[in-house]
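These notes are about the structure you will find just below.
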Amino acid sequence: MSHFSYRDGVLHADQVALDRVAEQFGTPTYVYSKSALLDNFNAYAQPCAGRDALVCYAMKANSNLAILDLLARQGAGFDIVSGGELLRVLAAGGDPRKVIFSGVGKTVEEMKLALSHQILCFNVESIPELHRLNAVAGEMGVTAPVSLRVNPNVDPKTHPYIATGLKANKFGVAFDDALETYRTAAALPHLEPVGIDCHIGSQLLDDAPLLEALDKLIELIDTLDREGIHLHHLDIGGGIGIAYGEAGESEPVAVGDYIARLFERIDAWRAEKHAGRAIKVIFEPGRSIVGNTGVLLTRVEYLKPGQEKNFCVVDAAMNDLMRPTLYQAWMDVKPVVPRSGAAHTYDVVGPVCESGDWLARERKLAVEQGDLLAVMQAGAYGHTMSSNYNTRGRAAEVIVDGDQVHLVRQRENPADLFKLETLLK
Ligand SMILES: *Cc1c(COP(=O)(O)O)cnc(C)c1O
């Protein structure tokens, strides 16, 4: 069930009318539904019930503290990609022992921070990173739990910017080098290889590439076993894609069906080769937890008819929501209070001084100046990717809980944006 629907001619988030939210908090504002968030988390957690499994929410998709807190209370772990994200987990009351640390460029400081909080695992992406982590752990007198991010070289069939498991990507260790790299890790005194992971890409609508990647990880776990390197967990990376609502778009596979198929393979493998062996399964979903839980609420500033195109200039821009500019992503735009008048075709654009500043192109809309629009499915890689370009404060964020609205991030004040800057003496 969608948590965003029309009631009495007004788009609502659960029981809350979005025009009311705009009145109270202004625009642009991100509006999230708490119940949608919990439903999405449960879509992963429920099929994992009773199993040795952990859902580590990939918090780069949306790292608002209130979102992290709600998920932590459901038992979520977190997939982090920076020291800053670990500090957010701690600030939200999350458990650092359920944190895995991904990313190709971990600094010494970030490693120290993560080791001091005894995170679950470092997802290591290169041999130099193994050496650095070994040195840092040695200095601190601890052992670092590591997993290698292996590149299964499976084509995820997604946008090239969000395909990450191919040989040409900067991420991970090549499948053919994995065994040698594990040997290196196992020989380093302050590292303990505990797991294996991959992340082949984002917005995957089909689970076949993920299951293909799983088979490759399983193959490596068996090879490593024969070498005397026994891993305790298998991390399959990010989640399933979501429906953005574009005409002709294929439906994403249901999360529950994907997880059922994944466990079916894992169970068959364990029954055949490793009866009784414990192996924890870790998921790192981001988009599918938060993507459809949020919309970006924006107001029409001007309608600007042109010779070739009509522009609908709104108060949200590429700095608020970068996906269209960055990935040519198609995002649905809905009027908050639909009008009966004639619809025209518009490009929905922001005020930023870039031709690439658009949110949607060639959309049929019946709108007038001052109307409210909602950019749908904006909960993932929306606010977290926003910037202050053009000295624009970041949008406010609110969470709807039934008929209540909570401000969870204030709109940034432009004066705050330059308070860290100083003039020359
Ligand atoms: C971004 C990312 C994810 C989350 O991917 P989604 O497609 O949003 O589920 C998971 N793991 C890693 C390592 C990532 O970089």
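Each ligand, and each atom within it, is numbered from 1 in the order the structure gives.
- At a heavy-atom cutoff of 4.0 Å, ligand 1 is contacted by no atom of Ile240, backbone or side chain.
- The distance criterion of under 3.5 Å between nitrogen or oxygen atoms is not met by Ser288 with respect to ligand 1.
- Side-chain contact between Leu234 and Leu214 is present, with at least one heavy-atom pair separated by less than 4.5 Å.
- When hydrogens are left out, the protein atom nearest atom 5 (O) of ligand 1 is His199 CE1, 3.4 Å; that is the closest non-hydrogen contact.
- For Lys98 and Phe78, the positive end is not near the middle of the six-membered ring at less than 6.0 Å and at most 45° from its axis.
- Between the side chains of Asn123 and Arg149, no donor N or O sits under 3.5 Å from an acceptor N or O.
- There is a side-chain donor-acceptor pair under 3.5 Å between Ser202 and Arg287.
- Close approach of ligand 1 to Ser102 (heavy-atom distance below 4.0 Å) involves ligand atoms 13 (C).
- Of all atoms in ligand 1, listed by their number and element, those nearer than 4.0 Å to a heavy atom of Asp79 are 10 (C), 11 (N), 12 (C), 13 (C).
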What donor-acceptor contacts under 3.5 angstrom involve side-chain atoms of residues 18-31, with partners at least two apart or in another chain?
unit_1, atom_1, unit_2, atom_2, d
Thr27, OG1, Asp315, OD2, 2.5
Thr29, OG1, Gly26, O, 2.8
Thr29, OG1, Arg411, NH2, 2.9
Tyr30, OH, Asp320, O, 2.6
Tyr30, OH, His383, N, 3.4

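- Both the sub-6.0 Å distance and the 45° axial angle are satisfied by Lys106 relative to the ring of Phe101.
- Of the N or O atoms in Gly286, one or more lie within a sub-3.5 Å distance of an N or O in ligand 1.
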Exercise for the section: For the pair Leu120 and Arg97, evaluate side chain to side chain contact (heavy atoms under 4.5 Å, CB included) and give the outcome as yes or no after the intermediate values. Expected result: CA-CA 5 Å; Leu120 180 62; Arg97 284 159 305 173; 5.8 Å; no
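- Listed by atom number, the atoms of ligand 1 under 4.0 Å from Ala58 heavy atoms are 3 (C), 4 (C), 10 (C).
- Proximity to Glu284 (heavy-atom distance under 4.0 Å) selects the following atoms of ligand 1: 3 (C), 4 (C), 9 (O), 10 (C), 11 (N), 12 (C), 13 (C).
- Contact annotation: the side chain of Ile196 approaches that of Ile221 to within less than 4.5 Å [non-hydrogen atoms, C-beta and beyond].
- Residue nearest to atom 7 (O) of ligand 1, selected from Ser202, Cys198, Gly201: Ser202 (by heavy-atom distance).
- Taking a cut-off of under 4.0 Å to the non-hydrogen atoms of Tyr381, the atoms of ligand 1 that pass are 1 (C), 4 (C), 5 (O), 6 (P), 8 (O).
- In this structure, of Arg149, Arg287, Lys60, the residue bringing a heavy atom nearest to atom 2 (C) of ligand 1 is Lys60.
- Under a 4.0 Å criterion applied to the non-hydrogen atoms of Pro285, ligand 1 contributes the atoms 9 (O).
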